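The block underneath contains the structure these notes are about, expressed in structure tokens.
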Amino acid sequence: MFKLKLKALGHPNPENFNCEDEKEYRSIVLWLEDQKIRHYKIEEREGLRNIDSDSWKEAYDTYQKDLVSPINSGDPNEQLNWLLSYAVRLEYGDNVTKYKDVKVEQPKQATPNVVSSNPLDNLDFTSSAFIAGVDRVCALTGVGPHPDPKFRLSAVAKILKTAPHPDHKGDASIVQQPNDVLKLLFIQDLRELQTKINEALVAVQTVTADPRTDTTLGRVGR
Amino acid sequence: MVVRQYNEELKYLEKVNPHCWKIKKGFQPNMNVEGVFYVNNTLERLMLEELKNSCRPGMTGGFLPGVKQIANVAALPGIVGRSVGLPDIHSGYGFAIGNMAAFDMSNPKSIVSPGGVGFDINCGVRLLRTNLHEKDVQPIKEQLAQSLFDHIPVGVGSKGIIPMNARDMEEALEMGMDWSLREGYVWAEDKEHCEEYGRMLNADPSKVSLRAKKRGLPQLGTLGAGNHYAEIQVVDEIYDKFGAGKMGLERIGQVCVMIHSGSRGFGHQVATDALVQMEKAMKRDQIEVNDRQLACARINSVEGQDYLKAMAAAANFAWVNRSSMTFLTRQAFAKQFKMSPDDLDMHVIYDVSHNIAKMEEHIVDGKIKTLLVHRKGSTRAFPPHHPLIPVDYQLTGQPVLIGGSMGTCSYVLTGTLQGMTETFGSTCHGAGRALSRAKSRRNIDYKEVLEKLESLGISIRVASPKLVMEEAPESYKNVTDVVDTCHAAGISKKTVKLRPIAVIKG
Amino acid sequence: MMDEELGGLNEDDFVIPPVKYEFLYVIFLNPCATNPFRLHAWGDTLQEAFEQCGMAMFGYMTEMDYVQIKEVHTIEANADDLMGLLYHFLDELLFLFSVEPFLICKKLVITEFNTEEFRIVCKCFGEEFQIGKHPQGTEVKAITYSAMQIIDQPKNNKYEVFVIIDI
């Protein structure tokens, strides 16, 4: 985890970092402050430096508050992710001239230009209209934030495909949601029951069925 | 009938919204509830023109305009809610065809009327799907049409080819599709996808006259003459992918078979017998109605109960009939494609009834009530999650099959919650007849109609070609107008459009 | 009610009466409903008008040129009034066609025409309907009372009947 960001920040060992290890986690936080973020003066970093102390957690919380991190009460990994992103932003800010001309190398296109009939292929996914549209749909469907609008759109698609009702409004209220779930469970039970009924009917048919036709009874067609 | 000037009549009609008109009390005498009818611009013009024509002096053809008939039904004892006219409405015997009306079972004065069911009891449509594509069928279309024509007995005087004796007939009348199932003519899944599961439990063959049974026996398993048909159709357009997917209709060009048939002479005789009984009952119970053709009896009277039991037997007859033709259709396809019907995925999508009266529970003024719902030329269209629709359609609502007239498109709709509250879960049944004009049978060239169908790429096999002209698409209220109106009014929802590629008829 | 008379045909029975009927108009067909169709028949007597009306109905089910006289059956109809008599007369004929012997009639001869007790006895000449031999016309589903007219006191000795049948 966090391999790319660590690498970007020039961490000496990005490959082997294990964020689940409490000690490594604390070291990384300290490394970030020491090397990249430098929000505190050196003497103020004492609390973070005591990696083995029980009071480290307290210091970390204060640190995040001081940085005005939006997720100071979230999952530790999310917190770290934000710290890393913040560090990357600072790194970029310090070296704008160095980074701004960097070009992402385009992977070579294996196929020549195919004219697509899928209207989605001709959409400009970076346009502000598209992003605004996705934002609106996400707000309706309750999809959380993600920087890539395409990613969010596929999340929306997934939700719409699995929604219990075709014209589901997405205003999944505390009453509506369990109601929908119960209906789906009920339908599933009903389907199982109906299948058993059909199986029973078919079993009886093997004894009773003897379909006959006698074309001499009527003149059929001409 | 009250005779007024046309502009006087118009004062009793009120346009509620672009698709719905209200008929106020007083339009006809003794109206217990208001009437309502659904139209778009074209249908509205036809509807009002019909009324206007009837206001001219000297117009007595014996047929009341649809609007008047809706209002007369609103005057029947025990009616609740509103007397509803659907977009394909046109005048019929007593009740207009395309009229639905519900009567409160708990009111001892409530009535049942054979005219509110229609003569062809449980006339209806069944749709089978296949996994074939139009391009699989196109090269052998003519052979396939011929094969269907060879298998399904059609036309006047045709007799069924499934051997039946009087005892089989009694059992079939009592058991409906369960009989077909027991004898092996249909699959268990067919029953699951059929209104009422293909059997009305209150059927009692002993309430059916010998005359009706005699007429019915040779006709069981026959398509009928003149107006009924079987069509090979392809999916032309999908409006609701989710709904269509639940029905197994996944792609444009997918081949389906539609069978439109009823209870033949049998149902007709049941209705005729009941009308005679009811005339007597009306005198005895002093039931007053606006039109003599609205013969009826109290639901709880002997005549009313006997009719409901005989009607249920006729409904069962119709289901056995459609089931027999399902069997024959599967045989025809299996022979042509040398594959089993199972491998061709020839499942029944659904089977709807157009002419029937049923006991149903509905919410009236906020209370659950048991009603006797008459649907004449009208299809039940229950919304999603209704307990009486098959489990496979719990999320989409009940499929509603709308057969077009010859050479035109057919549609599959689904039921909506709005339809449940506005029209007791009912919608249109097909194309309606346009203006009834006097026209000589001999003057229309049937060859022209046949040629036109051919030019549209439709194969046709018909027992009596000279009848074709009477059913030319031009003589109908356009099915697309009708369906679009139901969709726009919200009483049902468009799901799939089907286009015919071969027609077999009497 | 029906009583089969086999071999009871003589030469006179093969004389076909002139056509004195017409089909007035068609109101267009709907697959789910009965569709009214109007018959108009006339004659020098009311009895003849009734006979013609019966033949008109059969004439609508197939083409008369293809029908041969091979057998004769007798039907009987009773009613409470004249209109009822016409209704039941036609209904009996329809029944004769719908069940055994599936008789399609080319000629009808009313042997008893009682307009006081409203009773008709009629000999029906024709043969069993066979698909392949007889072109299929319209199926008549029922006779109706609607707009029924019987002109039994004509000014110029032309007795007329108008009946709407359901097809």
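These figures come from a predicted structure and were not determined experimentally. Within every chain, numbering begins at 1; the chains are lettered A, B, ... in the order of the sequence lines, protein sequences first and strands thereafter.
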Quick one: list whatever passes salt bridge (Lys or Arg N to Asp or Glu O under 4.0 Å) with C:K107, sequence neighbours left out.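 Partners of C:K107 under the salt bridge (Lys or Arg N to Asp or Glu O under 4.0 Å) test: none.
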
Select one option (side chain, backbone, both, neither) describing which atoms of [X] are under 4.5 Å from chain B's heavy atoms.
X      : result
C:F97  : side chain
C:Q149 : neither
C:I104 : neither

Could B:D120 and B:R264 be called an ion pair, given the rule that one side-chain N must be under 4.0 Å from one carboxylate O? no

Looking at C:F95, does the NZ or CZ of B:R215 lie under 6.0 angstrom from its six-membered ring centre and within 45 degrees of the ring axis? no

Quick one: side chain to side chain contact (heavy atoms under 4.5 Å, CB included) partners of C:N114, sequence neighbours excluded? C:E112, C:E116, C:E117, C:R119

